[in-house]
Amino acid sequence: RLETKLKQDSSSVKHLLKISSAYKKSKPDSSYCYAAKALSLSVKLNDPYLIARSSMENYNIIRGVAKPAVLIDTLNKLKEDPRIMASKRVMLTVIYELGLQFRKMASYDRSIKQLHQALDLAKEVKETSMIFNSYNSLANTFSELGMVKHSKEDLMRALEFYDKAGEFM
């Protein structure tokens, strides 16, 4: 077994995550297993960056197969872990994903609240693509609520940031 030959260091975590990524589409159960091993080693090493990265890898694997309620529980657990939330970019991803999952559950007030938090944080860290995504998701949420005016306004803001994001690509 390849992972038994790996040292107990940060490069091993990165290798486990690469293995996990390679299996993601063909063998999601194996992918999850390697991501869990990466998370376990990250915790053992007490490395906040690797803990956050491994946790998000685990989330991304289950995102394709789990129901929104399970994903909300998972995201809330991530949100409660200060080691994971130490990174504003990871925090941004967690909050944004919560907004998306709440919308899938038709919990629109909670979705809008999370998406506005994600938008504010995206502006703070100057993450243009997440500003675009947040506005776009808000527009979709308002559209599902039948609030056409709000939906159109947020969609127009999203398009502004989409154009800005394109300038940097």
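Here the structure is a predicted model, which means the values were calculated and not measured.
A 4.5 Å side-chain heavy-atom check between Asp109 and Phe102 finds every atom pair outside the cut-off. Using a 4.5 Å heavy-atom threshold, the side chains of Thr141 and Met147 count as separate. Contact of the Leu98 side chain with the Arg110 side chain is not registered, since no non-hydrogen atoms from C-beta on lie closer than 4.5 Å. Residues Ile19 and Lys37 are not in side-chain contact: their nearest non-hydrogen atoms beyond the backbone lie 4.5 Å or more apart. The shortest distance between side-chain heavy atoms of Leu121 and Met130 does not fall below 4.5 Å. Within the 4.5 Å cutoff, side-chain heavy atoms of Lys24 are placed close to those of Glu57.
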Show the numbers, then the answer: is there a side chain to side chain contact (heavy atoms under 4.5 Å, CB included) between Arg53 and Val90?
CA-CA 8 Å; Arg53 192 168 161 199; Val90 173; over 6 Å; no
Could you check Leu100 against Glu97 for side chain to side chain contact (heavy atoms under 4.5 Å, CB included), going step by step and ending with a plain yes or no?
CA-CA 5 Å; Leu100 296 180; Glu97 287 289 329; 4.1 Å; yes
Under the side chain to side chain contact (heavy atoms under 4.5 Å, CB included) criterion, do Met56 and Leu78 qualify, and how do the steps go?
CA-CA 9 Å; Met56 290 309 297; Leu78 293 177; 4.0 Å; yes
Steps toward side chain to side chain contact (heavy atoms under 4.5 Å, CB included) verdict (Ser134, Tyr96)
CA-CA 7 Å; Ser134 297; Tyr96 175 77; 3.9 Å; yes
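What you find for Tyr59 and Thr74 is that their closest heavy atoms are CD1-CG2, 4.1 Å. Summarising the geometry of Leu41 relative to Asp9, their closest heavy-atom pair is CD2-O, 3.8 Å, with the distance given to 0.1 Å. Minimum heavy-atom separation, Gln117 to Ile95: CB-CG2, 3.8 Å. Residues Pro68 and Lys104 come closest through the heavy atom pair CG-CB, 3.9 Å. Residues Ser20 and Ile61 share a closest heavy-atom pair of OG-CD1, 3.4 Å. Residues Leu39 and Ser55 approach most closely at CD1-OG, 3.4 Å, considering heavy atoms.
Salt bridge absent: Glu127 and Lys88 never bring a charged side-chain N and a carboxylate O closer than 4.0 Å.
Leu75 and Val70 end up in different hydrophobic clusters when Ile, Leu, Val, Met, Phe, Trp and Tyr side chains are linked at under 4.5 Å. Under the 4.5 Å side-chain heavy-atom criterion for ILVMFWY residues, a single connected hydrophobic cluster contains both Val94 and Val125.
With values rounded to the nearest 0.5 angstrom, Ile131 atom CD1 is found 10.0 Å from Asp120 atom CG. Rounding to the nearest 0.5 Å gives a distance of 11.0 Å between CG of Leu71 and CG of Asn76. For the atom pair CG (Leu92) and OG (Ser87), the distance works out to 9.0 Å, reported to the nearest 0.5 Å. With rounding to the nearest 0.5 angstrom, the CD atom of Gln114 is 4.0 Å from the NZ atom of Lys79.
Within 6.0 Å of atom NZ in Lys113, 12 or fewer heavy atoms from other residues, nucleotides or ligands are found, so the atom counts as exposed in its surroundings. In the displayed structure, Tyr32 atom OH is contacted under 6.0 Å by at most 12 heavy atoms of other residues, nucleotides or ligands.
Checking each of Val13, Val43, Asp47 against Ser54 for a side-chain contact (heavy atoms from CB on, under 4.5 Å) leaves exactly one that passes, namely Val13.
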